[in-house]
Amino acid sequence: MQERLVELKTEALEKVAQAEDAKALQDVKVQYLGKKGPITEVLRGMGKLPKEERPVIGQMANDVREEISTAIDEKQTKMEEAALEKQLQEETIDVTLPGRPAQTGGPHLLTSLIEEIEDLFIGMGFEIAEGPEVEVDYYNFEALNLPKGHPARDMQDSFYITEEMLMRTHTSPVQARTMEQHKGKGPVKVICPGKVYRRDTDDATHSHQFTQIEGLLVDKHVRMSDLKGVLNAFAKQMFGEEREIRLRPSFFPFTEPSVEMDISCKMCGGEGCSVCKGTGWIEILGAGMVHPNVLEMAGYDPNEYTGFAFGMGPERIAMLKYGIDDIRHFYTNDVRFLNQFHKA
Ligand code: 2U9
């Protein structure tokens, strides 16, 4: 019996040593230490042994069992350590590699352009004024010389909240409100940027929501030549010193006289090309002397005060400046479009 146990031990330890993976080791365990294994069998057969041999064989069987079990555990630990070591070797992280750059956002092209225009006018002493996008009929139309039923209202059809409230169709109500706050006293010198809304069907050149930047200067002795000087300075700083401006007569209900300003075409230098449609000039903005009715409604005496105003569409300016062919690019938020204009 003792020899059998020694034999079993040698056999089992050899198999443990030979086991190459967890499965083989488990098989050895089941084979030698399992309920139907040879050692259990020896222990079961103890009853048949002479009484005095039982403790010796019992002790020995337990020792053998213990030894095999310890050998299996040690081998298992070794295998796990080896597997971990292998994994660590294979999955090493090179902490000295440069990190992946984080995706950073930036101002929208229109925001940058509006800020650039604001800065130019701040440099000429203007202040920035803002107002509500949901506006009352009075400031959006009436105070701008567009009484109810005026035909020019048709060109600025809007989204109405109620009969008297609407999404503003231009930023001009901000100037009307600013003038009112000054209570008939000058000077007023503001630039009003912001979003505006019109009931239009979207296409390459129309959008139901777009942006405007308007300016207003009201004081004593303000003349058309002051308007021309400010606009000329703006055009040269924005588009280049070599650009010329020209003013053409136009009509707006809130200004009289009214003009439209063109700049000489950069592409052809005034010769005429596809960008300027053969005219040598590109339309940039509208402007004029503030209508006496508008001054009066805002609390100014038109015999004492005069003023000029102008308005432009940043989308149009960006489209000209960067050769963008569709206004919808500004609002569909395709990062491939927007990223082209990120300043480093
Ligand atoms: C007050 C008095 C006068 C603002 C003006 C324009 C001319 C003009 C358009 C150009 C293209 C806007 O973006 S656009 O659609 N604007 O041509 N705007 S004068 O005149 C005002 C405004 C407020 C109290």
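Whatever order the structure lists them in is the order used to number ligands and atoms, beginning at 1.
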| request: State which residues pass side chain to side chain contact (heavy atoms under 4.5 Å, CB included) with Pro292; sequence neighbours excluded, sorted by chain then number. | output: Pro302
| ligand 1-proximal atoms of Val294, by part, heavy-atom distance under 4.0 Å | side chain
| field | Criterion salt bridge (charged side-chain N to carboxylate O under 4.0 Å, His left out) on Asp137 and Lys148, from CA distance to verdict | value | CA-CA 9 Å; Asp137 185 277; Lys148 286 203 166 73; 3.7 Å; yes
| said: Is it the case that over 12 heavy atoms from other parts of the model lie below 6.0 angstrom from the NZ atom of Lys9? | reply: no
| field | Interfacing atoms of ligand 1 (cut-off 4.0 Å, heavy-atom, Gly313) | value | 13 (O)
| Between Glu244 and Ser264: side-chain donor-acceptor atoms closer than 3.5 Å | no
| query | Can a non-hydrogen atom of His170 be found less than 4.0 Å from any atom of ligand 1? | reply | no
| Euclidean distance, Ile245 CD1 relative to Ile282 CD1, rounded to 0.5 Å | 14.5 Å
| request: Find all atoms of ligand 1 within a distance of less than 4.0 Å from any non-hydrogen atom belonging to Met312, and give their numbers and elements. | output: 13 (O)
| request: Could you see which bit of Glu260 sits under 4.0 Å from ligand 1, with heavy atoms only: side chain, backbone, both or neither? | output: neither
| Nearest-neighbour protein heavy atom for atom 4 (C) of ligand 1, which is reported as residue plus atom name and distance | Glu214 OE2, 3.6 Å
| task | Would you mind running through ligand 1 and noting each atom that sits below 4.0 Å from a heavy atom of Leu144? | result | 1 (C), 23 (C), 24 (C)
| query | Which residue holds the protein heavy atom closest to atom 10 (C) of ligand 1, what is that atom called, and what is the gap in Å? | reply | Gly311 O, 3.3 Å
| task | Decide whether Glu66 and Asn62 meet the rule of one side-chain donor and one side-chain acceptor closer than 3.5 Å. | result | no
| task | Can you sort out which atoms of ligand 1 are near Gln212, meaning under 4.0 Å from one of its heavy atoms? | result | 12 (C), 13 (O), 14 (S), 15 (O)
| note | Residue, atom and distance of the protein heavy atom nearest atom 5 (C) of ligand 1 read Phe254 CE1, 3.6 Å
| For Thr255, is at least one N or O under 3.5 Å away from an N or O on ligand 1? | no
| task | Using only heavy-atom distances, determine whether the side chains of Asp203 and His206 contain a donor-acceptor pair under 3.5 Å. | result | yes
| request: Considering the heavy atoms of Gln175, write down every atom of ligand 1 situated less than 4.0 Å from one of them. | output: 22 (C), 23 (C), 24 (C)
| What atoms of ligand 1 come within less than 4.0 Å of a heavy atom belonging to Ala309? | 3 (C), 4 (C), 19 (S), 20 (O), 21 (C)
| request: Ignoring hydrogens and angles, state whether a donor on the side chain of His208 or Asp202 is under 3.5 Å from an acceptor on the partner side chain. | output: yes
| query | Do we see a donor-acceptor contact under 3.5 Å between the side chains of Tyr139 and Glu180? | reply | yes
| Ala287 contact mode with ligand 1 (heavy-atom cut-off under 4.0 Å) | backbone
